Number of protein chains: 4
Amino acid sequence: MNSRSPVAGLISESSGGTRAAILNAALAAFGEKGFNGASMRDVAAGAGTSLSNLYNYFPSKSHLLAELLRRANDELLHRTSTAVRDAGDDPADRLREAVKAYVGFVVDHQTAALVAISEIRYLHGEHRERVVRARDSTQAIFGEIIADGVAGNRFPTPYPDGAARNIVSMCSAISTWYHPEGQLSKEALAEQHARYALALLETRLDG
Amino acid sequence: MNSRSPVAGLISESSGGTRAAILNAALAAFGEKGFNGASMRDVAAGAGTSLSNLYNYFPSKSHLLAELLRRANDELLHRTSTAVRDAGDDPADRLREAVKAYVGFVVDHQTAALVAISEIRYLHGEHRERVVRARDSTQAIFGEIIADGVAGNRFPTPYPDGAARNIVSMCSAISTWYHPEGQLSKEALAEQHARYALALLETRLDG
Amino acid sequence: MNSRSPVAGLISESSGGTRAAILNAALAAFGEKGFNGASMRDVAAGAGTSLSNLYNYFPSKSHLLAELLRRANDELLHRTSTAVRDAGDDPADRLREAVKAYVGFVVDHQTAALVAISEIRYLHGEHRERVVRARDSTQAIFGEIIADGVAGNRFPTPYPDGAARNIVSMCSAISTWYHPEGQLSKEALAEQHARYALALLETRLDG
Amino acid sequence: MNSRSPVAGLISESSGGTRAAILNAALAAFGEKGFNGASMRDVAAGAGTSLSNLYNYFPSKSHLLAELLRRANDELLHRTSTAVRDAGDDPADRLREAVKAYVGFVVDHQTAALVAISEIRYLHGEHRERVVRARDSTQAIFGEIIADGVAGNRFPTPYPDGAARNIVSMCSAISTWYHPEGQLSKEALAEQHARYALALLETRLDG
DNA sequence: AATGAATGAGGATTCATTCAT
DNA sequence: GATGAATGAATCCTCATTCAT
């Protein structure tokens, strides 16, 4: 899979689309300077177009952020739910696949993942609700797997209620420190965090 | 312990100091709107003083942020290291106390903790280095405990290297969602996260 | 007479012409928001066409205003001069008919009349001269009638010189407050203002 | 009476006040280019201060307009009501004094009078209500005098209802064409319009 | 310490207009 | 005729900061 842009697959590559260029530039700018620290001029410069032309594609800076976060959270939800759907019945297997999918997203779209967690606070109104809904749906997937596993005595943790949140925290925090050039491959990272997740639930694990 | 202000003990030092009022207002403003979203006018209004008077206490907005983050990270480091110093030799006990201290800080100074993780990116130069050093020192405490425990076969996790980061992630993420009015007391939260931390390391746990 | 559009007869010329749609939309926009407050986008939206297509019909926003004011003032001049031509010799009768024609125009084309008085200041150069000439010609008709009547001792006012301006002021001000749904019919309004005009000239009236 | 500024007496002269300079510049700018045609840069330049400093005195361009119109209408109301209060009981005398006061205001503050009638449409919300109230109060003074005179058979016009509006229209329209350098003195103009007003009501007048 | 006045740079957004298709 | 994309200049307004008092 090609990954020329920081949001390969998230933002349509095809075509020399100005719209895609703007979204990519906005993602880069928001990732680097934060939503309030980045200016529309930054975005325009990054997209190689004029400042005023941005407004032919997005009615406001907030709409830009909304579109970015919407895409990121939708893609994350899609990956996670697809992975779980294909994972069989065992809660441990399901959890493992969910974590791998989540970590995979964070590594594939690191900037998008970073912006999704750190800039969502600048989203308001309906835009926010839409994004929060997707985000919560993703976390709910983890919560349901855990509830299942606890009900079936596979996850003996005494604290199942905070576990989903912490698993998601760990996975999304990867966007904060991960360096693609480092020694940790995407697969190794995913495997490692899958194990962290199961350990958190105090599942008996073999070496 | 008194907790009049959101950062009682961190800032405040007793009385009606303008300086303390400014720091508290800045903390509240940065917490609510982010560093770039908050204006010096917001800070002045919150502190009940004039805009220009801010500059009698802090030479720039960045210095305000620096002071805030410095205090927060120093206090966190202090609490954690003190707790560990008093915790005996058992790595599990030491880790438990470290986590409890960390969680205690986050709950006592929720806004400061939140600002410390989300706004550190807007700190540059020496200010940043100073703060990053304190932050890393705090995480290093966890890293050392884990290394000790692994060496002594108390923590059988196959992935000791990422564990400290994840434990710290979980603890600091509390600042993101915790509601003081909720049903979770500080002590319960601390206990719960101490167990998560040990579970992450795959320590055998009873009950 | 048909009155589908706010300027039926003034603009419209029968059918679905884009040009007429643009003029009507411009009239509505300038009437509602003023020349400087209305944008070409407003006009395009009102006309149901694209922004750039406006420039296939009018070379600039100013040309749009010019065309509107030209038509309005030409029509007003036409109505007034025709009415006077058909009115016989008595200055009082002539004045009465002139006023009725003027008021009729204002009621039939209220928005056009309003724009004609309030936005003429934004017209410059030749456009302006052309329009001002028509406007002054209309007022001159009143002036001539008054001069005739004064010469023939029909209008004993000591202040004939300002009278024409004030009569025209009263008539055109109708565009400022008139509500077609109100209790005042066009004919009643015309009759009333004809009497005001004669009264202003201190003509003896029975009544 | 001194009349250095276009709003002498309206806008406080004393002091080299920046606030007064801004108001005067705004009045001049709005008078020349209209509210939407004038920019805050125009105002700043006219006031001899920086663009941003305007906002230390007025929170928005609309507030500037509101303040201007408020002052103008308040002053006009004040002048008119004071004149009427001192005018005795005869409705004709009262009307005469009211017209003279109104015309006096228009001549003394021509630009303010012009802006007051032509730019009030760009005022909205509470600002507008406040100003409209003052404007209507002024017109109501004329209405009451007319009602009194009609009741006492001093004003035999068959159309008393539209008379106040037309008298006010005539007086305020003076701001539209008057040239201080012309041959018409303020007093002559006032006298002339007082007579127009009485004539409109069909009062018997001696030569 | 504390203030109010002031400023230049820059913020997001809208403008009338043009151009390639 | 008609469109969508594009642009440079201008819009109102806010920013962090400074200065005289």
Side-chain angles (χ1 to χ4, degrees), chain A residues 16-19 21-22 35-44 47-65, chain B residues 16-19 21-22 35-44 47-65, chain C residues 16-19 21-22 35-44 47-65, chain D residues 16-19 21-22 35-44 47-65:
Chain A
T18 302
R19 189 182 170 85
I22 291 172
F35 177 70
N36 278 314
S39 74
M40 289 299 266
R41 274 180 173 84
D42 291 334
V43 175
T49 187
S50 70
L51 177 55
S52 47
N53 197 30
L54 299 182
Y55 292 87
N56 288 325
Y57 294 89
F58 299 94
S60 78
K61 195 185 179 190
S62 286
H63 282 80
L64 254 177
L65 179 63
Chain B
T18 302
R19 188 181 170 86
I22 292 172
F35 177 69
N36 278 312
S39 72
M40 289 298 265
R41 276 173 171 87
D42 291 333
V43 174
T49 188
S50 70
L51 176 57
S52 42
N53 198 29
L54 299 182
Y55 292 86
N56 287 323
Y57 293 88
F58 299 93
S60 80
K61 194 186 180 190
S62 287
H63 282 79
L64 255 177
L65 180 63
Chain C
T18 301
R19 187 180 173 86
I22 292 172
F35 177 68
N36 278 313
S39 71
M40 290 298 266
R41 276 172 171 87
D42 291 334
V43 175
T49 187
S50 71
L51 176 56
S52 43
N53 197 31
L54 300 182
Y55 291 86
N56 287 323
Y57 293 89
F58 299 94
S60 78
K61 194 184 178 190
S62 287
H63 282 80
L64 254 177
L65 179 63
Chain D
T18 302
R19 188 183 172 85
I22 292 172
F35 177 70
N36 279 313
S39 73
M40 290 298 265
R41 272 180 174 83
D42 291 334
V43 175
T49 187
S50 69
L51 176 57
S52 47
N53 198 30
L54 299 182
Y55 293 87
N56 289 325
Y57 293 88
F58 300 93
S60 77
K61 194 185 180 189
S62 287
H63 282 80
L64 253 176
L65 179 63

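Lettering of chains follows the sequences in order, A, B, ..., and the numbering in each one begins at 1. Just so you know, these numbers come straight off a predicted model, no measurement behind them.
Across every non-hydrogen atom of B/Asn36 and A/Gly37, the tightest pair is ND2-CA, 3.5 Å. Here the closest non-hydrogen pair linking A/Tyr55 and A/Ser60 is CE2-CA, 4.2 Å. Nearest heavy atoms, D/Ala21 versus D/Ala47: O-CB, 3.6 Å. Nearest approach of B/Phe58 to B/Arg19, heavy atoms of both residues: CE2-NH2, 3.7 Å. Heavy atoms only, all atoms of each residue included: A/Leu54 and A/Met40 are closest at CD1-O, 3.3 Å.
Helical stems in DNA chain E, defined as runs of 3 or more consecutive Watson-Crick or G-U wobble pairs with both donor-acceptor distances under 3.5 Å, are listed by first residue as E:2-21 with F:2-21.
Between B/Gly48 and C/Arg41, the residue anchored closer to the 5' end of DNA chain E is B/Gly48, taking for each the nucleotide with the nearest heavy atom. Heavy-atom distances to DNA chain F give each of B/Leu51 and C/Ser50 a nearest nucleotide, and the one nearer the 5′ end belongs to C/Ser50. Each of B/Met40 and A/Asn53 was assigned the nucleotide of DNA chain F with the nearest heavy atom; the assignment lying further toward the 5' end belongs to A/Asn53.
C/Thr49 has no side-chain polar atom (N or O) that falls below the 4.0 Å cut-off from OP1 or OP2 of F/dG1. Side-chain N/O atoms of B/Ser52 include none lying less than 4.0 angstrom from OP1 or OP2 on F/dT18.
Rounded to an integer number of Å, the gap from D/Asp42 CG to F/dA10 P is 11 Å.
Residue contacts for B/Ala38: at a heavy-atom cut-off of 4.0 Å it reaches the sugar-phosphate backbone alone, with no base atom in range. Residue-level contact check: D/Ser39 touches the backbone only, with heavy atoms under 4.0 Å from sugar-phosphate atoms and none from bases.
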Side chain to side chain contact (heavy atoms under 4.5 Å, CB included) assessment of C/Asp42 paired with C/Ser39: CA-CA 5 Å; C/Asp42 291 334; C/Ser39 71; 3.3 Å; yes
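Within a heavy-atom distance below 4.0 Å of DNA chain E, the residues of residues 54-62 of chain D found are D/Asn56, D/Tyr57.
Put simply, the side chain of C/Lys61 does not reach to within 4.5 Å of the side chain of C/Val43, judged on heavy atoms.
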